Amino acid sequence: MLSFPQNFLWGAATAAHQVEGQNFNNEWWDWEQTPGRIKHGHSARVACDWWGGRWQDDFDLAQSLGHNAHRMSVEWSRLEPKQGEWDEDAAQTYRAKLKGLRERGMTPLVTLVHFTHPRWFMEQGGWLNKASLAWMERYTTRVVEAFGDLCNFWITLNEPNVYMVLSYVWNARPPGAGSLPQGLRVARNMLFAHYRAYEAIHRVQKDAQVSLAHQWRTLAPANPRSSLDRFATWQGNYVANEMFVRALTTGKMPFPLGRGETIGDGKMPLDYFAFNYYFVSHVTFDVSRPGSVFARLLPPTWLKGTSFEELTDVGDLAPNALYELLKRFARWNLPIYITENGTFDIGNDNQLPSIDNQSSYLVTHLRAIQRARQEGVQVNGYFWWTLVDNFEWDAGYWLKFGLYHLDVESQTRTKRPVADTYANIIRGNGITDALLAKYA
Ligand code: GAL
């Protein structure tokens, strides 16, 4: 048995736009209206119908699996639909959700911005506009004043690095700028905004625990003997990971985001580390991609021979890379939470036999976390991405990460094997030998 401590947080992670439906007031809704942008023409119009009230059913499901925590986000475009105007009805709905979690014995972890922004925010340039720092600070203050009696565990921004790359450096997501300089400006302003939000939360709530969720993109050279591949990997890793973590841990803005200037008072604006971790991606040097620091991600090897081969951005499975990451971050002496980790079902609905690849993913990654814990790394919680299949951004409903399968039309939820595997681990607060023998 590989054991975890008694107070370990076990849960799943969700994000407002991906589960709520009826989110018509942000840039994603606008983006979805152009054909060809979302796989199979899917839309987030209904999603998991949380705005229609089905969050209650899904929180019941999470409770039935023994979850004692849940990561969710609140939607800025609902709470502040017009600049400076707070929507009390929307706030009441989120209060009901937060109470709903507490009543079911789950600790809420709330993300303030998870990839979506009010239309008015984007119309004024979004994070390219320096005024966004003040907008974020005001919004954050309102959120903590409104929900602070129900939650003290916060994430300001979800994955500024992923947002920078997919929405600004590339054209994959709104606003689709295709500009590295713009991407860097956005990242810089988001890091400043995080600091402002961090301070604002602590002003309102003394016992708050605040972080920013960073998706650590482990990159490896496609050909380790090629110095060009190693160079592209080094650059990619610096831009996607290191410069963000450097800014957060040193309190200074590193090149090329800045010139070492101090962010706020120069202290580390983190009470804990929030890591999202999925896959390792292999990188090759590509001279035609100066705008992506000459790095090109290779298609994953583990999906060879399946209909998923066309996917280019999911990388390879390497729980060991998660262990290495945790060991490395132990030196900062902050508690660590894995705020997203998971994989999609490569069988269900895709004309492939279901092979429960999610359970092996879960068990091997938790084993890596437990090993790091045994060696003294303070990992305090784990959130599987995600509870019920949801709107996976540009992939629509095609990628199914849920513990539960969702039929969007009928809104029927069906439990996947991984849900039971996870429940088994939570119940025993550890990974049994039987599970290890079966999945690891
Ligand atoms: C993350 C993101 C989530 C989810 C996940 C799985 O980058 O934070 O919203 O989409 O990837 O693809």
Side-chain angles (χ1 to χ4, degrees), residues 11-21 23 26-28 31-32 37-39 42-44 47-48 50 70-76 109-117 154-170 172-174 183 187 190 194 211-219 240-241 244 273-281 297 300 303 308 311-317 322 325 337-346 357-358 361-362 365 382-404 406 418:
T14 55
H17 190 76
Q18 296 179 270
V19 292
E20 288 179 351
N23 252 321
N26 65 30
E27 80 271 47
W28 263 92
W31 180 259
E32 285 161 41
R37 280 181 173 154
I38 311 294
K39 183 108 184 158
H42 289 161
S43 120
C48 306
W50 276 25
H70 184 80
R71 177 181 172 209
M72 58 173 263
S73 77
V74 290
E75 173 68 31
W76 190 349
L109 166 57
V110 171
T111 309
L112 284 103
V113 180
H114 195 122
F115 291 159
T116 51
H117 309 87
W154 309 97
I155 286 175
T156 56
L157 300 168
N158 184 64
E159 300 181 352
N161 61 331
V162 170
Y163 181 71
M164 169 189 84
V165 173
L166 296 184
S167 288
Y168 279 88
V169 180
W170 299 345
R173 295 180 179 184
M190 290 178 91
H194 162 73
S211 192
L212 168 154
H214 179 81
Q215 184 183 145
W216 188 272
R217 294 298 307 244
T218 302
L219 303 176
N241 294 312
F244 287 91
F273 275 119
F275 282 121
N276 300 349
Y277 174 87
Y278 287 91
F279 307 104
V280 170
S281 299
L297 300 182
L303 292 169
F308 283 89
L311 261 180
T312 55
D313 195 28
V314 291
D316 288 312
L317 302 183
L322 176 58
L325 175 69
Y337 291 85
I338 307 299
T339 42
E340 283 179 34
N341 178 239
T343 194
F344 45 85
D345 181 349
I346 64 171
N357 62 301
Q358 291 173 300
Y361 185 99
L362 175 71
H365 285 75
Y382 178 86
F383 296 83
W384 173 266
W385 185 271
T386 185
L387 181 56
V388 173
D389 293 344
N390 63 11
F391 179 76
E392 275 298 334
W393 309 113
D394 35 301
Y397 301 99
W398 179 61
L399 288 182
K400 299 164 186 305
F401 282 79
L403 297 174
Y404 285 82
L406 172 72
V418 62

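Just so you know, these numbers come straight off a predicted model, no measurement behind them. For reference, positions follow the sequence shown, starting with 1. All ligand and atom numbering here is 1-based and tracks the order in the structure.
One side chain, Asn341 or Tyr382, offers a donor N or O that lies under 3.5 Å from an acceptor on the other.
Between Phe115 and Trp393, the angle of the ring planes goes over 60°, which puts this pair in the perpendicular group of the 30/60° scheme. Using a 30° and 60° split on the angle between ring planes, Phe391 and Trp28 fall in the perpendicular class, above 60°. Using cut-offs of 30° and 60° on the angle between ring planes, the pair Phe344 and Phe401 is perpendicular.
To the nearest 0.5 angstrom, Phe244 atom CZ is 4.0 Å from Met164 atom CE.
Around ligand 1 you find Gln18, His114, Phe115, Asn158, Glu159, Gln215, Tyr278, Glu340, Trp385, Glu392, Trp393, Phe401, each with a heavy-atom distance below 4.0 Å.
Lys39 and Glu392 are not joined by a salt bridge, as no carboxylate oxygen comes within less than 4.0 angstrom of a charged side-chain nitrogen.
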